[in-house]
There are 2 protein chains.
Amino acid sequence: MNERKPRRGQGTRTAATIRTVAARAGVSTATVSRVLTGTAPVNEELAERVRTAAAELSYKPNAAARGLVLGTMRSLGILMPDMSNPYFFEVVDEINRAGAAQAFRTLVASSYGDPDAELETAKDLLPQVDGLFLLSSRIPVEGLRTLARAEVPVVLVNRIEVGVDLPMVAVDVFSVTMELCGQLLRQGHRKAVYLSGSPDSWQNRERWRAICTAAAMGLETECVQTDGTIESAYQAVDQALKHQPTALLAFNDLAAIGAVSRLRDLGLEVPASVSVTGFDDIPLARHTEPKLTTILSPTAELGRTAWNRMHALLQGIPSPAAQMLPAHLVIRDSLGPAKPIQ
Amino acid sequence: MNERKPRRGQGTRTAATIRTVAARAGVSTATVSRVLTGTAPVNEELAERVRTAAAELSYKPNAAARGLVLGTMRSLGILMPDMSNPYFFEVVDEINRAGAAQAFRTLVASSYGDPDAELETAKDLLPQVDGLFLLSSRIPVEGLRTLARAEVPVVLVNRIEVGVDLPMVAVDVFSVTMELCGQLLRQGHRKAVYLSGSPDSWQNRERWRAICTAAAMGLETECVQTDGTIESAYQAVDQALKHQPTALLAFNDLAAIGAVSRLRDLGLEVPASVSVTGFDDIPLARHTEPKLTTILSPTAELGRTAWNRMHALLQGIPSPAAQMLPAHLVIRDSLGPAKPIQ
DNA sequence: CGTCGCGTTGTAAACGTTTTCAGGAGGACA
DNA sequence: TGTCCTCCTGAAAACGTTTACAACGCGACG
């Protein structure tokens, strides 16, 4: 079942090692290492011999061996609940880009929605990397606490959890959602339905918390669950309409687009009959019909900030616990005045 | 500048090794290894002692050391030109999912559009992984040939190149684009503009080749370059309209959406004034206004097939050179009869 | 009772690097 | 000429695993 090393058959030429190169160049392995890493001065003639020998054998240093002695593989792990969400990959991209500039590799993993598996995967990943990013983690708090005791830095992205000793970076979802609710109220909306995302995500909890707070200001809200995809939002609209809302607040832009699509299929005008809002301000948002009123979530900045925290931590510089990035309301056309009840 | 190992300060407790565990359990390191990997039978009492010792010390085997002796890090590399394209991540997702089931890690890297850097990155990645996937690679042919001589399998995804000895998996872009052109002709279109993607991508070359072939059947075509994003397609439309086409063939769905958006802003109806088609059939395509006529590209199947090839190769099973996956025309509303020239 | 064999354990040798340490060559200076 | 110092090089010791090999205990069988 679990076949191991191919036992080095005599037919297959085994890859060149540093010893092979040293032999061919007529020097010691130490010298080869020094030439190739440039960590110490070496006579230019020897160096040249080493370089040609290495090239001729097309020698590549073994990463595991180097990692073993150096004590680091120079790799960063990124764990996300869901690889199909393009939103995450702007963050991944930013981390990868910044890390690559410092010769770090990026290891990605996904738990595919299972919070228990997520903790396991994290623990699994931990000994293999120099640092770990947790994106929109659904790991329960006690799990996070154990991760906080890991030997390598762990940075929590898109989640803030008090009482957990981890560096955290997130978008200030609460404030901006409150702002959005205020906007709804000013436009005469009194009854809205929230098309939720995955219920155990921090973003979702924050949004719902803000929406509930807004209830005290006169905005009555119901919650209909989706998983944040276009399709599930499309299907959730019928249920949402039973509450006779004048506005639909979607968890993200994709869900908003799904909702708009269903409303259109039902013959309802947006925003004339029902208003719809999104979240993230993906590039698409300004090109839909109608153009989407949404919330600009600074994804690239989020990734960049997360990397900066990690970078500091890797150098032993302590880092502030929690950091909130501001989001901004983007007013376009999908939010209009509430339709008066006829 | 380039600080090394933190020289094991006396304050920081160094992580537990297999020797620590062995000492605490009162057994040899061999026994610990056998218990933890389950490679040989061990007395149950000892095994239990080892397990509790390992747990108490929260021992994690060092990946580099294990990788060194085992000769593999059990990791797969994925190199793509562009991490911001969500299209790629369906493939990444599929590979990651299948690989994870076999205890493989996924290493991602991006060349950010520079073909020379791409080859360098590939060579760099090669010694660290057990296999490498090249997604929509722009590496020149001679570069690919050197990669074909690597010690680990390399699988080319979304590119077919004759005379290169690499396993290749791709979508049959040519045939389906021809089919699309036939459809255009039947609807009376005689003049179309192709909103291209990145010019050195194989997909783009295939599409353009098909479109040029269709010219012989009476479809006159021009090419306007974009980079396949919504924004760049949006901006390319004005230039495209100078050729007075009755249809716009976009490189992918996002570009199509950008084009539709611009046309709408110009007051032109789709498809009444101009038809627009996409490529990929992303989930969004059926929810736009108008619903997008596009080409279903079997992304998940592509990833799955690529993985299967890799999996076979890893076990030494030779694999056929090139493999084409069929794509399908998806007729929706954005393609209509050509508007007669007034 | 001796011997064989089996099943479990420990010892030690890999794996391929980097790096410490000591040694050697050669120049400067007294 | 002798001493010291600098600069370069090589031998060998790590790094933390896995595993081949030997050793041991113990029951079975002659």
Side-chain angles (χ1 to χ4, degrees), chain A residues 2-8 14-50 53-54 57-74 103 126-128 130 151, chain B residues 2-8 14-50 53-54 57-74 103 126-128 130 151:
Chain A
N2 185 349
E3 80 293 356
R4 293 297 192 181
K5 211 183 337 188
R7 248 337 66 251
R8 184 161 295 182
T14 149
T17 79
I18 199 174
R19 252 180 284 273
T20 328
V21 178
R24 174 177 266 250
V27 297
S28 75
T29 61
T31 302
V32 175
S33 175
R34 285 192 269 255
V35 171
L36 265 27
T37 61
T39 48
V42 162
N43 178 293
E44 182 50 36
E45 189 207 348
L46 288 197
E48 196 47 39
R49 285 222 308 269
V50 168
L57 297 166
S58 70
Y59 163 74
K60 300 280 180 223
N62 179 303
R66 171 175 280 176
L68 177 56
V69 54
L70 254 31
T72 164
M73 288 297 259
R74 271 198 113 64
L126 224 34
Q128 311 194 20
D130 298 318
E151 317 77 33
Chain B
N2 186 349
E3 81 293 356
R4 294 297 194 182
K5 213 184 331 189
R7 255 318 84 246
R8 186 160 294 179
T14 149
T17 78
I18 200 174
R19 255 181 282 273
T20 330
V21 177
R24 174 178 266 249
V27 297
S28 73
T29 61
T31 301
V32 175
S33 174
R34 284 192 269 254
V35 170
L36 265 28
T37 61
T39 47
V42 162
N43 178 293
E44 181 51 36
E45 189 207 347
L46 288 196
E48 196 49 38
R49 285 222 306 270
V50 168
L57 297 167
S58 70
Y59 163 75
K60 299 284 180 218
N62 179 303
R66 171 175 281 177
L68 177 56
V69 54
L70 253 31
T72 165
M73 288 297 261
R74 272 198 111 66
L126 225 32
Q128 310 194 22
D130 298 318
E151 318 77 33

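Letters go in sequence order (proteins before strands), and every chain restarts at 1.
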Scan residues 57-66 of chain A for pairs that pass side chain to side chain donor-acceptor pair (under 3.5 Å), counting only residues two or more places apart or in two chains.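 Pairs touching residues 57-66 of chain A that pass the test: none.
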
Sequence neighbours excluded, every pair satisfying salt bridge (charged side-chain N to carboxylate O under 4.0 Å, His left out) that has a member inside residues 27-44 of chain A: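 Passing the test, one end in residues 27-44 of chain A: A:Glu44-A:Arg51.
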
With nearest nucleotides of DNA chain D determined for B:Ala65 and B:Thr31 from heavy-atom distances, which residue corresponds to the more 5′ nucleotide?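 Between the two, 5'-proximity favours B:Ala65.
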
Closest approach to the side chain of [X], judged atom by atom: which nucleotide of [options] is it?
{"X": "B:Thr37", "options": "C:dC15, C:dT9, D:dT18", "answer": "D:dT18"}
{"X": "B:Thr29", "options": "C:dG16, D:dT9, C:dA12", "answer": "C:dA12"}
{"X": "A:Ala30", "options": "D:dG10, D:dT17, C:dG16", "answer": "D:dG10"}

Whole-Å gap separating [atom2] ([N]) and [atom1] ([X]):
{"X": "B:Leu36", "N": "D:dT19", "atom1": "CG", "atom2": "C1'", "value": "15 Å"}
{"X": "A:Arg19", "N": "C:dT18", "atom1": "CZ", "atom2": "P", "value": "12 Å"}
{"X": "A:Arg66", "N": "C:dT18", "atom1": "CZ", "atom2": "C1'", "value": "9 Å"}
{"X": "B:Arg34", "N": "D:dT19", "atom1": "CZ", "atom2": "C1'", "value": "8 Å"}
{"X": "A:Asn62", "N": "D:dC15", "atom1": "CG", "atom2": "C1'", "value": "13 Å"}
{"X": "A:Glu45", "N": "D:dC7", "atom1": "CD", "atom2": "P", "value": "20 Å"}
{"X": "A:Leu70", "N": "C:dT17", "atom1": "CG", "atom2": "P", "value": "12 Å"}
{"X": "A:Met73", "N": "C:dT18", "atom1": "CE", "atom2": "P", "value": "13 Å"}

Looking at every strand, decide which applies to B:Ser33 at a 4.0 Å heavy-atom threshold: base, sugar-phosphate, or nothing.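 Base: the residue B:Ser33, judged by heavy atoms under 4.0 Å, touches a nucleobase.
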
Tell me the bend of the helix from C:dC1-D:dG30 to C:dA30-D:dT1 as the angle between end helix axes, each from five pairs, rounded to the nearest 10 degrees.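 Inter-axis angle at the ends, rounded: 60°.
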
Taking side-chain contact (heavy atoms from CB on, under 4.5 Å) as the test, write out the residues that go with A:Ala53, two or more places apart.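 side-chain contact (heavy atoms from CB on, under 4.5 Å) list for A:Ala53, sorted by chain: A:Val21, A:Arg24, A:Ala25.
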
Who passes side-chain hydrogen bond (donor to acceptor under 3.5 Å, both in side chains) against B:Thr29, sequence neighbours left out?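 Here no residue qualifies.
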
Quick one: side-chain hydrogen bond (donor to acceptor under 3.5 Å, both in side chains) partners of A:Thr20, sequence neighbours excluded?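 Counting only residues at least two positions away or on another chain, A:Thr20 forms a side-chain hydrogen bond (donor to acceptor under 3.5 Å, both in side chains) with A:Thr17.
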
Do A:Leu46 and A:Val35 make a side-chain contact, defined as non-hydrogen atoms from C-beta onward lying under 4.5 Å apart?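 A:Leu46 vs A:Val35: side chains apart.
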
Check whether any side-chain heavy atom of B:Thr31 sits under 4.5 Å from a side-chain heavy atom of B:Val42, and report yes or no.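 In contact.
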
On the nucleotide D:dG10, are OP1 or OP2 found under 4.0 Å from the side-chain N or O atoms that A:Ser28 carries?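 Checking D:dG10 against A:Ser28, a side-chain N or O does come within under 4.0 Å of OP1 or OP2.
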
Which is more 5' along DNA chain C, the nucleotide nearest B:Asn43 or the one nearest A:Ile18? Just name the residue.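 So the residue in question is B:Asn43.
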
